[in-house]
Amino acid sequence: MADNTAGESRYNPIETEAKWRRRWAETGLYKRVEDPTRPKHYALTMLPYTSGDLHIGHWYAMAPSDAHARYMRMNGYNVWFPVGFDAFGLPAENAAIKHGIHPFKWTMANIEHMRGQLRAMGAMWDWEHEAITCLPDYYKWTQWFFLKFYERGLAYRAMGPVDFCPTCNTTLAREQVWGEDRHCERCNTPVVKKNLEQWYFRITDYAQQLLDDMAKIEWPERVLAMQENWIGRSEGAHVVFHSEQGDEIPVFTTRPDTLWGATFMVLAPEHPLVDQLTTSEQREAVTEYQLAASRQSEIERLATDKVKTGVFIGAYAVNPVNQSRIPIWTADYVLMGYGTGAIMAVPAHDDRDLAFAIKYGLPVIPVIKRPDGLAKSIVYPGSVREGLAGALHAAGIRYEVGPVDDAGEGLFVSLQGDEQIDRYVQLVHDYLLPGHWAEVVGSRWLFVFADGVRALDSVAADAEILARCQAICPSAADNRTVVEMISRLPFYQDVLYHVEYGEMMSSGRFTGTPGEVAKAKVIAWLEEQGLGHAEVNYRMHDWLISRQRYWGAPIPMIYCDQCGVVPVPYEDLPVLLPEDAEFMPTGESPLKYHAGFVNTTCPKCGGPARRETDTMDTFMCSSWYQYAYVTPYHKGDTPWDLQQGKYWLPVDQYTGGIEHATMHLLYTRFFTKVLRDIGLVDFDEPMKRLFCQGMILGEDNEKMSKSRGNVVNPDDYVRTLGADSVRAFLMFIGPWELGGSWSSTGIEGINRFITRVWNVIIEPPEHPVDGEAAPAQIRELRRWTHQTIREVTADFESFKFNTALAAMMKFNNNLVKAKQTALYGTPAWQEAVSNLVLLMAPIMPHVAEELWERLGQPYSVHEQRWPIYDEELAQDEQITLVIQVNGRVRARLEAPAQISAQEAQALAQAQPNIARALEGQQIVNAIFVPGKLLNLVTR
RNA sequence: GCCGAAGUGGCGGAAUGGUAUACGCGGUGGUCUCAAAAACCACUGGAUGCAGAUCCUUGUGGGUUCGAAUCCCACCUUCGGCACCA
């Protein structure tokens, strides 16, 4: 019977979706209004780059974001969901070179196409506040910010080694250089080092605030962890060493408690003191090394075999805490870009220093006891009187017997703690034969000779012990240090060094200081003595913003031979990109060769001057776009209308990809703090809450790419199944933050669900039932309704769209059955279907609107209040009571939800299966979880 | 090496101390049809069994608990970030 009506009433997503999008636009449904009576909610999703095509990844990022914004709107919030385009950047310029089309034309055509695609999504975008970053009225303000930063000393020009992408023909910020091979984030080409004068922003001035203010935002742990990692704070001390000639050599160390173990110094090859301190005998070797080091960084870092190299520069320094004379080396494992570019090397407590020390025969002096107290010793065959093994055994000292080289059986002793070490040293000394020695290595380093015990506690001791050992054992002659000798024995490998905090030793007055306070005590003393002070260092560098390309906002600076670097006056902004630029196949910026652009007059003296030809990193444009949206292309003294900003800012809910964790998401936080200091905003953080979605993968669970041939074009599905199906399927795949793979059969399942809902609500029942529905039936239907509202609401709160959809599906499956009963058409039925439509509205806005209208409800479903569930109605009356015996399920009974422990147990024991399980057993305990289960514990 | 996320049926996944596998896909059988598709109905983790039922199963191995996918310890694998950062 449905045959002749089906054609007419079957859901047609294509027509319906177009109809409602038109209606929404005509009625200005998503227009922004400032309404002080309602709490505002600024929802934002990362603005798309103007690539020209909205791919499935954009849908995956944006559709759930829209669904959540719609949910907030239905919850009474005055929601604003603006949209715009990140329009500067290389692809436009590459298109210009390749196809001879101007980047502006290319970009604007792409935007036109993408607007259509974005509209098809049916999102609640506010198009009236769209902003495009490449328009002069936008980048005027980007340049304005540059000048403000410059005024505050936050923008500076400096010469230095920078990362340069040979394919993109421009420098990059450190944040844009990725991976072990240090490749360009955009084009994957490994970068090269160049020495260039570039513009930087002092983001490092805000490093501490960027860390501290993490407490003020609800962002995913993983994003904050990545930023924390990137900022790389370490606490330590600034300590000043001196060369023998008296030159200051400051170092940064996180371990001032190991100062007494510093046995050499290392300067980065680019360190200015290298040239100054190198002696004439070493000059040639050092210069050669420096050259090799600079070449190496220019070639490629791919081969990071990490074998340490270095050269002695011939000079010595004095360890300020114990006055020992220590050699100065230069080596490329010390980086000029971190700390002071010089280190004190403590090989006993740092693996890199140890590797270097062993390779170059530099002494190793342990100054921190091992927290685990472990020490080891080898007793050589024939070096002791008989009976030592027995004595060790009696003393409770662990040892194993094994071959020592080819010399016979020796003892391999493991010691634990000072007491045992002392006891052992005593015993070995007692049993030691003349002309031999024994060593203790690990927590403490002791050398037992026939005439006494010598500790490895200084550079002098190292030489003395080595000489004595070599006198006893001629085969040790080629060793340069004690540790080099010891390091050849595999048994000692794991106790050669350690990096833990622990009790200080061989450290003069600090010997015996416990590990927990060692660092603080030493720093306090250094300050007292004027030798150094506490210092914090950050791994993060300043933000390099110069780009040697055309398609970006020109840096508004002028170079005058008379006046030097002069900022463009505010009233002269924007510095426009010349339209008649010529794009060269080399990729070099046309600005450099554009005489009309380059040549200008100095704003100060009026004389001839040159413009800066570099443009700004496009991350500049996106660092403040959330503010630009407030009043795009603002005509006034401020980048946006501050009054309107007061109402809307900051962003309440931001969403986007995690790949921006240490780029956009870091830069915009930095920007906001500067804007606050300028007085434009009165908050510290740009986005209160952030949610990062995962990645949408191809059907084969691999990244979508043209070469794999697994790219999904959303437009194809929008044309056949409709935008609602695409939206809902993307949200159904799995948890949004984890991403998931596309499935062409999966989306049909979603489409089936939408059709089933349609049929449940629109089609009359096939076999109408006469008579009244029973009260219990009605209660059950209402229970399903209110349980579903409860579940879906909780899921929306935590972005769990997949389970929200599952709950709606389950509910609809129940409605399919209920429809064939007398429940159809009852008030409870009406309640069920209208609530289902409301719950669907954020995810499937078009079909929900159509169903809402067909239910005879007033336009628009998107202006309705989100349903509120009734806790009482959602309560279960009957439950499945699980009966366990010793934790194993033995029966399931239908029982009233309120059943008591006693009733449950009586009911359970009446079950044959339970009775059998309990046979011959005694119940010692009964655990009852109301409404859930009864567990009978027997003996 | 350090930091973070994850590991559950044939597949995507659900369940964060109490019925493991919700929901969906796929599969099998059926209804309708001349037939197919669509739609609808039923079944669908594995093993044993005619059945009642029993046993096994959440990366591996231990532990805590009346009870563990969930908490603790150790390990394995995959993915993401950082990495000679003193």
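Here is the naming used below: chain letters follow the sequence lines, and residue numbers restart at 1 for every chain.
- No donor-acceptor pair closer than 3.5 Å links the side chain of A:H238 to the backbone N or O of A:E535.
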Any protein N or O atoms within reach of nucleotides 3-7 of chain B? Criterion: under 3.5 Å, listing atom names and distances.
none

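- The closest side-chain donor-acceptor pair between A:T788 and A:E791, if any, does not fall under 3.5 angstrom.
- Residues forming a ring-ring contact (aromatic ring centres under 6.0 Å, His included) with A:H660 (at least two apart in sequence, or on another chain): A:F619, A:H664.
- Side-chain polar atoms of A:Q227 and A:T662 form no donor-acceptor pair below 3.5 angstrom.
- At a threshold of 4.0 angstrom between heavy atoms, the contacts of A:I733 are confined to the sugar-phosphate backbone, with no base atom among them.
- The pair A:D700-A:R708 does not meet the salt-bridge criterion, since no charged nitrogen lies less than 4.0 angstrom from a carboxylate oxygen.
- For A:R888, taking side-chain heavy atoms from C-beta onward, the closest of the listed nucleotides B:C41, B:C55, B:G18 is B:C55.
- To the nearest whole angstrom, the two P atoms, one in B:G52 and one in B:A38, are 34 Å apart.
- Contacts of A:V334 with the nucleic acid, taken as non-hydrogen atoms under 4.0 Å apart, include base atoms.
- Counting non-hydrogen atoms under 4.0 angstrom, A:S234 reaches the backbone sugars and phosphates but no base.
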Stepwise salt bridge (Lys or Arg N to Asp or Glu O under 4.0 Å) check, A:R174 with A:D163: CA-CA 7 Å; A:R174 265 175 61 92; A:D163 297 308; over 6 Å; no
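- Counting non-hydrogen atoms of other residues, nucleotides and ligands closer than 6.0 Å to CE of A:M336 gives a total above 12.
- Looking at A:S234 and A:N537, their side chains never bring a donor and an acceptor atom within 3.5 Å of each other.
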For RNA chain B, the dot-bracket pattern of Watson-Crick and G-U pairs whose distances stay under 3.5 Å, | for other-strand partners: (((((((..(((.....[....)))((((((.......))))))((((....))))..(((((..]....))))))))))))....
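- By the 6.0 Å and 45° rule, A:R727 does not stack over the aromatic ring of A:F801.
- Across all strands shown, A:K800 has heavy atoms under 4.0 Å from sugar-phosphate atoms exclusively, and none from any base.
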Please enumerate all protein N or O atoms sitting under 3.5 Å from an N or O of nucleotides 71-77 of chain B, with distances to 0.1 Å.
none

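- A:T938 and A:Q922 share no side-chain donor-acceptor pair at under 3.5 Å.
- Closest non-hydrogen pair, A:Y60 versus A:G740, comes out as OH-N, 4.2 Å.
- For A:E763 and A:K819, the salt-bridge test fails: no basic side-chain N is under 4.0 Å from an acidic carboxylate O.
- As judged by a 4.0 angstrom heavy-atom cut-off over every strand, A:V889 is placed among residues touching the sugar-phosphate backbone only.
- In the set B:A86, B:A20, B:G13, B:G13 carries the atom at the smallest distance from any side-chain atom of A:P735.
- Residues A:N913 and A:R890 share a closest heavy-atom pair of ND2-O, 2.7 Å.
- A donor atom on one side chain and an acceptor atom on the other are not found under 3.5 Å apart for A:Y333 and A:T309.
- For A:K308 and A:F356, the positive end is not near the middle of the six-membered ring at less than 6.0 Å and at most 45° from its axis.
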For nucleotides 66-69 of chain B, which of its nitrogen or oxygen atoms have a protein nitrogen or oxygen under 3.5 Å away, and what is each distance?
| unit_1 | atom_1 | unit_2 | atom_2 | d |
| --- | --- | --- | --- | --- |
| B:C66 | O2' | A:N935 | ND2 | 3.4 |
| B:C66 | O2 | A:N935 | ND2 | 2.5 |

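- Going from atom CZ of A:F729 over to atom C1' of B:C11 covers 11 Å, rounded to whole Å.
- A:R890 comes within 4.0 angstrom of the backbone, heavy atoms only, and of no base.
- For A:T253, taking side-chain heavy atoms from C-beta onward, the closest of the listed nucleotides B:A83, B:G12, B:A86 is B:A86.
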Expected rows: protein N/O vs nucleotides 22-27 of chain B N/O, under 3.5 Å:
| unit_1 | atom_1 | unit_2 | atom_2 | d |
| --- | --- | --- | --- | --- |
| B:A22 | O2' | A:K810 | NZ | 3.4 |
| B:G24 | OP1 | A:N813 | ND2 | 3.1 |
| B:C25 | OP1 | A:R752 | NH1 | 2.5 |
| B:C25 | O2' | A:T745 | OG1 | 2.8 |

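- Annotated as syn: B:G9, whose glycosidic dihedral is within 90° of 0.
- For B:G81 and B:A74, the C1' atoms lie 26 Å apart once the distance is rounded to whole Å.
- Toward the 5' end of RNA chain B, the nearer of the two residues A:N913 and A:T880, judged by each one's closest nucleotide, is A:T880.
- Using modelled atom types, one finds no donor on one side chain facing an acceptor on the other under 3.5 Å when comparing A:N229 with A:R539.
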